[in-house]
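Encoded as structure tokens, the structure appears first; notes follow it.
Since the structure is predicted, the reported quantities are computational estimates derived from the model, not experimental observations. Order of listing sets the numbers, starting from 1, for every ligand and every atom in it.
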Amino acid sequence: MTDNRRDVVIVGASGAGLLTGYLLARQGYRVGVYEQQRRYRPPRRTLIVTSSLRRVLPVDFSPAVLHATPWMTVATRRREVTIELQEPDWILERSRLLHLLLEKAQEAGCRVYFGHRFLGLERDRQRILARFQRPRRSDITVEVGRALVGADGVFSQVAAAAGLPRAPHIPIIQAEVSLPPGWDPRRTQVWFFPQDTRYFFWLIPEGEGRGVLGLMTDHGVHPHPPMKRFLERLSLKPHRFQGARVALYHPRLRAWKRLGPVDLFLVGDAAGQVKNTTVGGTVTGFWGAQAVAQALAQGVPFAKAARGLHRELLLHWWVRKALHGFSEAGYDALLRSLTPAVRQFLERRTRDEMAPALWKLVATTPALWALAPHVLRSLVQPTPGPIFPS
Ligand SMILES: Cc1cc2nc3c(=O)[nH]c(=O)nc-3n(C[C@H](O)[C@H](O)[C@H](O)COP(=O)(O)OP(=O)(O)OC[C@H]3O[C@@H](n4cnc5c(N)ncnc54)[C@H](O)[C@@H]3O)c2cc1C
């Protein structure tokens, strides 16, 4: 028996899920967001995002901003280069951002149900029903009127129920630290030490005196030993750790499917809407939410609404593939190739808006062609992050 019906059922009160709910409730849809946590306590997480956030998040997010950093230093053991961003990156506290979005979604008329864990889909003649488990109460089913949105993160049960492949994922860890003495809090830094990780290490200031030191590793590689070595290298003591798995993009992922009378969408990490270069998924997840809202509210085909996002994600997938086999010498060459023209490009464009111009930059910048032998070495390596069958 069906307990109720919603035009749009969203699984997961994640950032991407709440923004989708907010945008659609404002358009008059009856939206239900179903979240497995009984009490909404998203863990503390420090995020660095580009100024493109303003474009995809149409709410005042200033209460979630901890800090802004206009300088980005990239370093190897032998070199470092600093890029002065025309628009600084923002440093956000994720749980504050999520509480803000929750409030906005509810104000817009979205109903948010906590303690509801999505179990799967059922078909009853032409109707699609989503089944949820509730602690110490019987399961309920909710009829999906128009669309089902899986915003349930990297281990998406919605993707599994719909038979869509699941995004690759890798471990990421951050240590909350006091900044090294003399560290300018306007400066974020990344280090390429490929013998420790094929991704990179970073130090992001959260303001005067405090910051987070982090790294990602390949699937199956434990991030704690390289983290320990890096903390020792900078003589830093961790106050607390933040860690989880984060999704990667893969061109074979699909974020849309027709299920009988309803549209099924995936957004955020569930759809692998993450830039594989930096493994940043905040802006791109919100972009995914915008594409779903546009497809439903304006009747635009989803492939068209999400075209810009997928072009950007594909570019980052290629760049990650090109970097993934770089040795120290490769990263030194990369830093040498940051000529004034390349730096100007990086200063003016955010990491979320590179696709329209990066290929042209590569084609017209001979300094970047010197990277060809390192890129070829990378391209023969397996693709980072295999996709997981549902
Ligand atoms: C330590 C760390 C640092 C990061 N740093 C950055 C950064 O600096 N910049 C950046 O852009 N990105 C960063 N990321 C990535 C970014 O946080 C993620 O891409 C983003 O949070 C993904 O959000 P989401 O909306 O897709 O889903 P999530 O935040 O994963 O939320 C999924 C939600 O769905 C709920 N859920 C799951 N299963 C079910 C179910 N069966 N039923 C009901 N509810 C369910 C969960 O409880 C959760 O609330 C970082 C990630 C980590 C782990």
Side-chain angles (χ1 to χ4, degrees), residues 9-21 32-50 52-53 56-57 66 69 89-95 97-98 101-102 112-121 130-134 142 149-161 167 169-176 188 190 202-204 206 211-216 223 227 240-249 255 266-289 316 350-352:
V9 169
I10 298 176
V11 180
S14 61
L18 289 168
L19 179 62
T20 310
V33 176
Y34 297 82
E35 166 58 47
Q36 66 183 359
Q37 296 172 61
R38 290 169 69 187
R39 288 208 186 86
Y40 196 52
R41 288 196 190 127
R44 190 185 146 74
R45 192 183 290 170
T46 308
L47 303 175
I48 183 166
V49 296
T50 68
S52 298
L53 185 67
V56 292
L57 187 58
L66 299 172
T69 59
D89 284 340
W90 278 305
I91 315 301
L92 305 178
E93 206 291 289
R94 174 173 165 266
S95 66
L97 183 68
L98 291 179
L101 278 168
L102 175 65
V112 183
Y113 302 91
F114 293 102
H116 282 64
R117 190 162 81 84
F118 175 79
L119 292 180
L121 292 171
R131 176 171 289 279
F132 294 94
Q133 184 184 51
R134 300 176 297 176
V142 180
V149 180
D152 50 341
V154 65
F155 301 108
S156 175
Q157 285 299 310
V158 176
H169 48 80
I170 54 170
I172 175 170
I173 182 173
Q174 291 193 143
E176 295 176 21
T188 292
V190 303
W202 62 87
L203 178 59
I204 302 172
E206 285 184 353
V212 286
L213 188 81
L215 85 148
M216 291 90 68
M227 166 59 91
R240 210 157 58 149
F241 286 102
Q242 310 170 0
R245 297 193 75 88
V246 67
L248 292 176
Y249 173 75
L266 301 176
V267 289
D269 276 24
Q273 289 164 347
V274 175
K275 298 185 293 291
N276 284 17
T277 47
T278 60
V279 194
T282 307
V283 171
T284 40
F286 289 148
W287 195 347
H316 287 269
T350 78
R351 302 181 293 285
D352 289 292

To which protein heavy atom is atom 9 (N) of ligand 1 closest, and what is the distance rounded to 0.1 Å?
I48 O, 3.0 Å

Numbered in order shown, the ligand 1 atoms found under 4.0 Å of a heavy atom of Q37 are 47 (O), 49 (O)

Under-4.0 Å salt bridge between R245 and D269:
no

Any side-chain to backbone donor/acceptor pair from T284 onto Q273? Under 3.5 Å, distance only.
yes

Centroid-centroid distance, Y34 to F118, less than 6.0 Å
no

Between ligand 1 and H116, can you find any atom pair, the residue atom being a heavy atom, that is separated by under 4.0 Å?
yes

Are any side-chain N or O atoms of S156 and backbone N or O atoms of D152, one a donor and one an acceptor, separated by less than 3.5 Å?
no

Which residue and atom name correspond to the protein heavy atom nearest atom 10 (C) of ligand 1, and how close is it?
T282 OG1, 3.2 Å

Could you tell me whether the side chain of T278 reaches within less than 4.5 Å of the side chain of W202, counting heavy atoms only?
no

Taking only heavy atoms of V11, which atoms of ligand 1 are found under 4.0 Å from at least one of them?
42 (N), 43 (C)

With side-chain contact (heavy atoms from CB on, under 4.5 Å) as the test, pick out the partner of Q174 among L203, L47, L215, V212.
V212

F114 vs R38 side-chain heavy atoms within contact, under 4.5 Å
no

Write out the residue and atom name of the closest protein heavy atom to atom 19 (O) of ligand 1, then the distance separating them to 0.1 Å.
D269 OD1, 2.7 Å

Hey, which atoms in ligand 1 end up nearer than 4.0 Å to a heavy atom of V246?
15 (C)

Quick one: does any side-chain atom of Y40 pair with a main-chain N or O of A13 as donor and acceptor, under 3.5 Å?
yes

Per-atom filter on ligand 1: closer than 4.0 angstrom to a heavy atom of G153 are 27 (O), 30 (O), 32 (C)

Which protein non-hydrogen atom lies closest to atom 2 (C) of ligand 1, naming both residue and atom, and how far is it?
R45 CD, 3.4 Å

Top protein contact for atom 29 (O) of ligand 1, by heavy-atom distance:
R94 NH2, 2.8 Å

Quick check: does any side chain N or O of N276 sit under 3.5 Å from a backbone N or O of L248, one acting as donor and the other as acceptor?
no

I'd like to check which ligand 1 atoms, numbered from 1 as shown, lie under 4.0 Å from a non-hydrogen atom of Q157.
41 (N)

Is there side-chain contact between V49 and F286, with at least one heavy-atom pair below 4.5 Å?
no

Heavy-atom contact check, 4.0 Å cutoff: does A151 meet ligand 1?
yes

Tell me, do R41 and S95 make a side-chain contact under 4.5 Å, heavy atoms counted?
no

Would you mind listing which atoms of ligand 1 come within a distance below 4.0 Å of any non-hydrogen atom of Y34?
43 (C), 44 (N)

Show which atoms of ligand 1 fall inside a sub-4.0 Å distance from at least one heavy-atom site of F118.
40 (C), 41 (N), 42 (N), 43 (C)

For ligand 1, find out whether one of its N or O atoms is nearer than 3.5 Å to an N or O atom of V267.
no

Tell me whether Q36 has any N or O atom under 3.5 angstrom from an N or O of ligand 1.
yes

Exam field: side chain E93 to backbone R45, donor-acceptor pair closer than 3.5 Å
yes

Decide whether an N or O pair under 3.5 Å exists between A16 and ligand 1.
yes

Does some non-hydrogen atom of R245 fall short of 4.0 Å from ligand 1?
no

Check: of R41, Q242, E35, min heavy-atom distance to atom 47 (O) of ligand 1 comes from E35

How far is atom 14 (N) of ligand 1 from its nearest protein heavy atom, and which residue and atom name does that atom have?
L47 CD2, 3.9 Å

Nearest protein heavy atom with distance in Å, relative to atom 37 (C) of ligand 1:
D152 O, 3.3 Å

Per-atom contacts of ligand 1 with G15, taking only distances under 4.0 Å to non-hydrogen atoms
25 (O)

L213 side chain near M227 side chain, heavy-atom distance below 4.5 Å
yes

Tell me which protein heavy atom sits closest to atom 31 (O) of ligand 1, plus the residue, atom name and distance to 0.1 Å.
S14 CB, 3.1 Å

Using a 3.5 Å distance criterion without hydrogens, assess whether the side chain of D89 forms a donor-acceptor pair with backbone atoms of I48.
no

